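Each remark here refers to the structure printed beneath this line.
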Amino acid sequence: MSETLLFRGALVEGSTAADLVVADGVIAEVGTGLSRAGATVVDVDGLVLLPGLVDLHTHLREPGYEASETILTGSRAAAAGGYTAVFAMPNTSPVADTAGVVEQELALGEAAGYVTVQPIGAVTVGQKGERLAELGAMADSRARVRVFSDDGFCVWDPLIMRRALEYVKAFDGVIAQHAQDPRLTEGAQMNEGRVSAELGLAGWPAVAEESIIARDVLLAEHVGSRLHVCHLSTAGSVEIIRWAKKRGVDVTAEVTPHHLLLTDELVRDYDARFKVNPPLRREEDVLAVREGLADGTIDIVATDHAPHPAEAKACEWQAAANGMVGLESALRVVQQSMVDTGLITWGDVARVMSREPARIGRLAGHGTPLTEGHPASLAFYDPSPRRTFTTDDLRGRSVNSPYLGRELPGDVRWTLHQGTVTVADGALLAAPGVRA
């Protein structure tokens with residue numbers, strides 16, 4: 001249900017104060033001292049107004065792994081975090097490698113209504129890396145897939161990767177690569193370095209990521225296609241992307257909130273909440289990826305939201321699953337690591353968490369300017385509070401967050417998805433547009 005809303009006093013991308021009228025799913029008016037007959041007036045004085053956040057890397061688990069997450073529960077988690085669109089990774093069961101599966105995911109997202117759920121198609125059949133999936137059929141389907149990834153697995157065969165890059169050029173698609181050489185990471189349990197040596201855990205070397213990125217930017221240059229690098233995590237990877245962009249390669253890259261904040265020192269307690277792929281890296285890597293995001297080498301922040309049931313984490317380190325939930329905490333972590341440190345502004349946050357993810361994924365109606373006539377997919381955020389992050393902040397089905405018990409800044413106060421309220425005054429609504 002949509003209604004006419006008049007928001008008063010928001011700081012547009014953290015700068016100029018303005019009033020905003022939302023009606024019929026769009027931004028109807030922007031200015032100061034506005035009034036609108038019959039509108040519900042909402043005081044958002046001092047809140048940062050951002051275009052609704054867009055996550056290019058979300059694991060929603062449905063179909064097949066509903067014990068971890070569903071499209072409905074993941075959509076609720078996303079809305080609570082200020083998101084209005086998420087791209088759903090294909091490592092489901094069955095794998096999202098056909099038009100039928102991606103159309104099913106699209107329909108489930110539409111039924112949930114909290115965010116736009118845009119499916120990502122697998123690059124290879126069953127994500128096995130042996131032969132290309134139905135890329136063209138998924139692109140032509142109702143889901144209009146434009147992003148393809150075998151995330152969780154690297155497209156390791158260079159010939160398959162080349163063919164995929166060539167194929168998606170026909171419809172302006174992009175291959176999103178999980179950069180991990182499988183031979184260099186066999187049995188790896190954490191970042192290879194001083195901490196892994198002290199703990200006696202098999203190390204995951206930075207070169208396993210960097211070597212694949214180096215190969216793929218050269219392949220993308222050779223065929224003239226778009227390449228996106230998922231969850232970049234090392235200083236060396238930042239340098240390779242920086243070099244490739246100077247060379248004119250059409251490559252984009254993402255960093256996760258956890259790689260902007262957390263380091264491999266957290267593994268010392270063997271708490272499996274901190275086990276993730278790629279692994280938490282050194283402090284030097286954290287500083288390098290922050291710098292890369294600040295100077296534009298890294299294009300976007302993506303959550304890699306990866307829910308797991310409790311038993312997948314409540315076990316010894318070696319047996320635990322990789323992954324962290326992150327939709328509800330992402331904006332708060334970016335504030336702490338990037339905004340509060342003075343590395344980027346709120347305008348930059350709008351770019352790296354909304355406009356650029358929507359552009360890379362070719363997703364219309366999201367990441368649009370906060371001006372009249374554009375879709376009202378919006379987030380109103382209060383950067384001032386600081387409080388401990390708890391399970392009460394989580395709205396998905398799983399609670400494997402690395403931030404539980406950690407103090408984080410900020411709070412999402414309102415989220416609107418295409419003019420429909422999903423979060424009102426800090427509370428996730430029981431159903432979109434229906435006040436509890």
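Values in this document were obtained by computation on a predicted structure and should not be read as measured data.
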Would His305 and Glu69 count as having a side-chain donor-acceptor pair, cut-off 3.5 Å? yes
Ignoring hydrogens and geometry beyond distance, is a side-chain donor-acceptor pair present between Arg242 and Thr297 at under 3.5 Å? yes
Between the side chains of Glu134 and Thr98, does any donor sit under 3.5 Å from an acceptor? no
Please determine, by modelled atom types, if Asn400 and Arg273 share a side-chain donor-acceptor pair under 3.5 angstrom. no
Flag for His228-Asp299: side-chain donor and acceptor within less than 3.5 Å: no
Among Arg281, Arg282, Arg194, which one satisfies salt bridge (Lys or Arg N to Asp or Glu O under 4.0 Å) with Glu265? Arg194
Sequence neighbours excluded - side-chain hydrogen bond (donor to acceptor under 3.5 Å, both in side chains) pairs with any residue from residues 348-363: Glu13-Arg355, Asp172-Arg362, Thr345-Asp348, Asp348-Arg351, Glu356-Arg359
With no hydrogens and no angle check, do the side chains of His57 and Glu254 hold a donor and an acceptor under 3.5 Å apart? yes
Does any non-hydrogen side-chain atom of Gln118 lie less than 4.5 Å from one of Arg146? no
Pair Glu209-Ser237, side-chain donor/acceptor within less than 3.5 Å: yes
Is Arg142 salt-bridged to Glu110, going by a charged N under 4.0 Å from an acidic O? yes
Looking at Glu221 and Arg247, is any side-chain nitrogen of the basic one under 4.0 Å from a carboxylate oxygen of the acidic one? yes
Strictly by modelled atom types, are Asp97 and Gln127 linked by a side-chain donor-acceptor pair under 3.5 Å? no
Given side chains that start at C-beta, do those of Leu331 and Leu50 come closer than 4.5 Å, heavy atoms only? yes
Donor-acceptor pair between Thr420 and His417 side chains, under 3.5 angstrom: no
Do Asp150 and His178 meet the criterion of a side-chain donor-acceptor pair at a distance under 3.5 Å? no
Do His308 and Ser398 have side-chain N/O donor and acceptor atoms under 3.5 Å apart? no
